[in-house]
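Below, each value reflects all heavy atoms present in this structure, side chains not excepted, and no hydrogens, waters or symmetry copies. Counting from 1, the numbers follow the sequence of the chain as shown.
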Amino acid sequence: MMRGLGALLLLAAAPVAAAEQMLELTPRPGAVLRLLSDQPEGDIKGSVILLAGGNGQLDIGADGSIGALRGNQLVRSRNGFVAAGYAYLLPDIASDLKQQPSYRYKPAFADDMAVLVSEARKLQKPVHVIGTSRGAISAAALFNGASPQQPDSLVITSGMLISYKIPAADSLSPGRIAVPVLLLRHRDDACSVTPPHDAERYAKLLKAAPRVDILTLTGGAQPKSDPCDAAHYHGFWGLDAEVVRSITSWFATLNP
């Protein structure tokens, strides 16, 4: 263990799969933000907001279908969180930000993330934000916004933590993150922008976090993709159940 760590209008709720719902929100006039949500039938232990990597754009259709990033580690394992007792929100990017390559650095995006926290609190507290790969930047952006809405913890998996040729999570004032943080990595992550040793470097920047833990997983299935894609060690290929178990077990230690 290491020390460290605008209201949206609900427009529609359409059934997707068995219990998954598609919610359509309006963060700003003319903008649409779609997300998928599901929750356990019984008691709910809390809520998770799942932030995909890559460009973050799931292209969720009006029918709730996912048009892109279906194989992303958090996207494909979302039902595991429900099985573990957590409700989830899986957001797309608001329509007015999709054509902006640097949308994660826009104040409007931070505002959207804050409203998602507010929406998650309506499902169940505590609220945990989980970002994977480039989704680490999305998660960090939340703590740089003007809204006082904050989650109860932050989890980053295989995160883009330290800036190399392109900006990473360290470019968004990590010293402002004041909640417990879990940095989850795979020992053999070979993606050039998410080296496992960056977790220690980033942890040292989280000076306001009351608690920072680093957890390393090993093993999994034989990689089937580019080292920076989801079917490789970077995406914990073959370890989805272990990822969910590791994260939710960490949640349990926050409120013994």
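When each of Thr157, Leu183, Ile247, Leu182 is tested with Leu215 by the rule side-chain contact (heavy atoms from CB on, under 4.5 Å), just one qualifies, namely Leu182.
Atom NE2 of His232 is separated from atom CG of Asp188 by 9.0 Å, given to the nearest 0.5 angstrom. Put simply, CG on Asp170 and CD1 on Ile137 are 9.0 Å apart, with the number rounded to the nearest 0.5 Å. Atom CZ of Arg185 is separated from atom OH of Tyr202 by 15.0 Å, given to the nearest 0.5 angstrom.
When the side chains of ILVMFWY residues are joined at heavy-atom separations under 4.5 Å, either directly or via intervening members, Leu239 and Trp250 end up in a single hydrophobic cluster.
Proximity of a side-chain donor or acceptor of Ser171 to a complementary backbone N or O of Ala168 within less than 3.5 Å is detected. Side-chain atoms of Thr26 never come within 3.5 Å of backbone atoms of Val32 as a donor-acceptor pair (strictly under, hydrogens ignored). A donor-acceptor contact shorter than 3.5 Å links the side chain of Gln100 to the backbone of Asp96. Counting only distance, with no hydrogens or angles, the side chain of Arg176 and the backbone of Ser173 share no donor-acceptor pair below 3.5 Å. A donor-acceptor pair under 3.5 Å links the side-chain atoms of Ser225 to the main chain of Ala231, judged by distance alone. Arg76 places a side-chain N or O within donor-acceptor distance of the main-chain N or O of Ala230, the cut-off being under 3.5 Å. In this structure, the side chain of Gln39 does not engage the main chain of Leu123 through any donor-acceptor pair within 3.5 Å.
Aromatic ring centroids of Tyr88 and Phe81 lie 6.0 Å or more apart.
Residues Asp198 and Tyr164 have side chains that bring a donor and an acceptor to within less than 3.5 angstrom of each other. The closest side-chain donor-acceptor pair between Arg187 and Thr218, if any, does not fall under 3.5 angstrom. Between the side chains of Asp38 and Gln21, no donor N or O sits under 3.5 Å from an acceptor N or O. Ser138 and Arg104 share a side-chain donor-acceptor pair at under 3.5 Å. Side-chain contact check for His186 and Ser158: no donor-acceptor pair (N or O, by modelled atom type) lies under 3.5 Å.
For the pair Ile156 and Leu184, the minimum side-chain heavy-atom distance is 4.5 Å or more. Here the side chains of Asn72 and Thr132 are in contact, with some heavy-atom distance below 4.5 Å. Between Tyr233 and Pro227 the shortest side-chain heavy-atom distance does not fall below 4.5 Å. Proximity of Leu51 to Met113: side-chain heavy atoms (C-beta onward) are separated by under 4.5 Å at one or more points. With contacts defined as side-chain heavy-atom distances shorter than 4.5 Å, the pair His234/Gln73 does not qualify. With contacts defined as side-chain heavy-atom distances shorter than 4.5 Å, the pair Leu36/Ile66 qualifies.
Ring geometry, His128 versus Phe251: the interplanar angle falls under 30°, so the pair is classed parallel (tilted spans 30 to 60°).
When every heavy atom of Pro195 is checked against every heavy atom of Ser192, the shortest pair comes out as CD-O, 3.7 Å. Taking each heavy atom of Ala68 and Asp59 in turn, the nearest pair found is CB-OD2, 3.9 Å.
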request  = Kindly indicate, with the supporting measurements, whether the criterion salt bridge (Lys or Arg N to Asp or Glu O under 4.0 Å) is fulfilled by Asp92 and Lys98.
outcome  = CA-CA 9 Å; Asp92 200 348; Lys98 285 192 173 185; 2.9 Å; yes

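A salt bridge links Arg28 with Asp112: the distance from a Lys NZ or Arg NE/NH1/NH2 to an Asp or Glu carboxylate oxygen falls below 4.0 Å.
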